[in-house]
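What follows is a short report on a single structure.
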Amino acid sequence: MTLKISSLEVGYGKRQVVKGANLTVEKGELIGLLGSNGSGKSTLIKTIAGINSQTKGTITWNGDTDLTRLARKDLARIVAYVPQSIGLSFGLDIREAVLLGRTPYFGTRPRDEDWAHVDAAMERMGLDELGDRAVTELSGGQGQRVLIARALAQDPQILLLDEPTSALDIRYQWQTLEVARDVTRKNNVAAVIAIHDLNQAARFTDRVVFLQDGVVIAEGRPAEVYSPELIKRVYGVDVELSTHKGFVQVHPLSEHGHAQLGLQPATSEPVRAPRLAEQREYATA
Amino acid sequence: MSSVHSDPLHPVAPSGRRRSTDLYTSQKLAIALGFAAVVITALIGIRIGTSGATLLDVLQTFWSKISGTVPTDRATLLKHNVIWELRLPRVLLAILGGAALAVAGVLFQGLLRNPLVSPYTLGIAPAAAFGASLAIVLFGATAGSAAISLVIGALLFSFLNTALVLSLASTRNLHATTLILVGIALSQLFGALTACIQYFAEDEVLAAIVRWTWGSVNNSAWYQVLALFVLLALAFPYIRFRSSALNAIAFAGDDSAKSLGVAVSQVRLQTIAIAATLTAVTIAFTGIIGFVGLVAPHIARLVVGANHRFLIAFSAIIGALLLVIADAVGRLVINPGVIPVGIIDALVGAPIFLYLILTRQKAIE
């Protein structure tokens with residue numbers, strides 16, 4: 001099963017943001033969308049999720065399903081979207097926040113089947129013992145797990161993550177990316193993640209796609225596609241590359257390069273995120 | 001990482017842990033108890049007044065109206081008429097008006113994703129006040145809010161304001177924050193127009209306008225009760241049907257709600273139209289009652305949680321209770337005089353609200 005995007009154009013008013021993008025994603029594959037701010041990463045993800053509707057081109061799933069023509073509810077049964085942060089105005093408890101993922105499936109009253117999906121998604125994300133807590137009480141990393149659990153409860157075949165690590169500290173960035181990769185593999189979904197950090201993308205994604213001004217300019221496995229010339233062209237930063245534990249690593253040559261590339265200062269030996277079981281103990285203490 | 005369910009289509013509930021269910025027993029119990037409280041306070045409210053009335057009188061009045069029998073005793077007939085023509089519509093208008101404003105408050109707070117908004121955020125109250133003021137100036141509607149010209153004036157400008165907001169929202173695809181700002185601009189505009197009328201008005205007209213803005217159920221009439229009842233009866237099934245979509249908009253935001261299969265623009269426009277209509281019709285009958293639409297949803301959230309499936313009904317109950325109690329207190333304090341319900345509502349409600357905020361700060365935050 002393949003997600004196939006062909007000649008996709010998306011704009012806001014007269015401004016074209018995505019200009020003829022082509023992309024394929026296989027089931028069980030995690031694709032990293034890279035590019036500087038304003039390159040069209042979020043727009044592309046929101047378009048696949050059906051949030052942006054003013055589009056040209058096609059987005060197909062499994063060859064014959066044109067996602068741009070599906071009714072909103074039908075699309076939501078195939079595609080799940082994880083935003084940057086949970087950003088709540090009022091506090092639902094975690095169980096009800098995950099239940100939002102079942103919105104495309106039930107009318108007014110959730111069925112037993114919907115609750116079963118909620119339980120499964122919560123256990124999958126290590127949230128099952130926190131169910132009665134208000135979402136507003138959670139840490140950034142826990143909040144991100146709630147959002148991913150919500151997406152899993154949606155029972156999707158395509159998972160889209162829009163810079164899910166941008167509001168998190170390094171420990172939880174690492175954990176969220178581990179979870180995204182794990183979910184992609186074990187739930188066998190086609191996944192696309194917009195991400196800033198080139199080194200994290202190299203470590204966690206199967207392939208990367210570089211966007212510049214709404215155009216795909218490079219695509220492939222990180223080790224094959226990363227080059228000082230490409231990174232200079234996209235970000236305007238001089239870098240050199242190395243390999244650490246089998247992953248390509250980017251090292252900026254200038255003082256401000258880390259910030260410009262969205263890199264964490266120490267990427268060769270990242271801080272280990274607490275395992276979900278450890279967090280459960282901490283959270284319920 | 002905890003264990004993984006290999007088949008996401010047929011998940012199995014976690015073994016040995018509490019399984020999620022759809023019981024919501026405490027919420028359902030709260031709604032049942034709240035409904036009973038509304039009935040009891042209404043019966044008490046009907047009894048309050050200078051001519052006095054026992055519970056038996058109230059029940060006898062109901063029975064005589066249902067059975068069509070007319071009391072032969074003149075004093076009983078008078079008492080029945082006072083209950084039927086004055087007290088019952090008054091209490092029912094307080095119940096339905098309080099419920100309507102509270103439901104509108106919940107809807108606006110959820111749709112605009114802002115706990116500080118009220119039914120008046122989009123400028124409906126200043127628009128209604130301008131319409132009422134204009135009617136008072138043009139037609140001398142000093143008899144009070146029952147005067148039909150005053151009701152029509154308030155309704156007309158409320159709907160004009162709402163139509164303006166909705167047409168801007170639909171044609172310009174406005175987001176929640178922009179809608180709130182549009183409401184602020186319209187509030188200022190209509191507020192300034194009303195101030196112009198007040199500035200040039202005679203003392204009597206000025207007094208009538210100010211009296212209207214206090215908000216009261218003193219001039220209740222059966223047609224008002226019927227109109228609000230029909231509106232609420234029509235609105236409730238739709239709102240309940242949309243409760244999961246409202247949850248998605250309120251708790252996930254526009255983008256995520258769309259990705260969850262919700263037609264956000266359509267739901268927002270339809271629901272704002274309903275909330276605005278409930279508000280406009282209520283304040284056309286009662287004048288501006290400012291506190292209940294903001295506070296009732298917050299009190300309700302503390303009791304039944306934030307899920308709109310239960311929150312809407314329980315907010316309606318809290319709104320009804322707040323206004324019925326405020327009206328009863330307003331009639332008791334300077335008996336036989338009456339303090340308008342809008343004033344008492346804020347005087348009684350604000351300390352209760354403060355107490356809840358301070359004692360349950362965590363739950364609110």
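A, B, ... follow the sequence lines: proteins, then strands. Residue 1 opens every chain. Keep in mind that the numbers below use all heavy atoms, side chains included, and drop hydrogens, waters and symmetry copies.
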>> If the condition is ring pair (Phe, Tyr, Trp, His ring centres under 6.0 Å), which residues does B:F314 pass it with, not counting sequence neighbours?
In response: none
> Of the listed residues (A:K73, A:K46, A:R109), which shares the most heavy-atom pairs with chain B below a 4.5 Å separation?
Replying inline: A:R109
>> Taking every non-hydrogen pair under 4.5 Å, which of A:L100, A:T103, A:L99 racks up the most with chain B?
In response: A:L100
> Within the side chain of A:E29, is there an N or O that forms a donor-acceptor pair under 3.5 Å with the backbone of A:T205?
Replying inline: no
> A:R77 versus chain B, heavy atoms under 4.5 Å apart: side chain, backbone, both or neither?
Replying inline: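 For A:R77, there is no contact with chain B at all, as no heavy atom is under 4.5 Å.
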> Residues in side chain to side chain contact (heavy atoms under 4.5 Å, CB included) with A:L70, at least two apart?
Replying inline: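 Residues passing side chain to side chain contact (heavy atoms under 4.5 Å, CB included) with A:L70: A:T65, A:L67, A:D74, A:L75, A:I78.
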Given heavy-atom pairs under 4.5 angstrom as the criterion, report whether the side chain, backbone, both or neither of [X] touches chain A.
X	result
B:V262	both
B:R240	both
B:S256	both

>> Given B:L122, which partner from the list B:V182, B:I272, B:T279 fulfils the side chain to side chain contact (heavy atoms under 4.5 Å, CB included) test?
In response: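 Exactly one candidate clears the test, B:I272.
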> Does the side chain of A:T43 pick up a donor-acceptor pair with the side chain of A:Y12 at under 3.5 Å?
Replying inline: yes
> Looking at B:S244, B:A257, B:S243, which one has more heavy-atom pairs under 4.5 Å with chain A than the rest?
Replying inline: B:S244
>> Take a 6.0 Å sphere around CZ of B:F229 and say whether it holds more than 12 heavy atoms from other residues, nucleotides or ligands.
In response: no
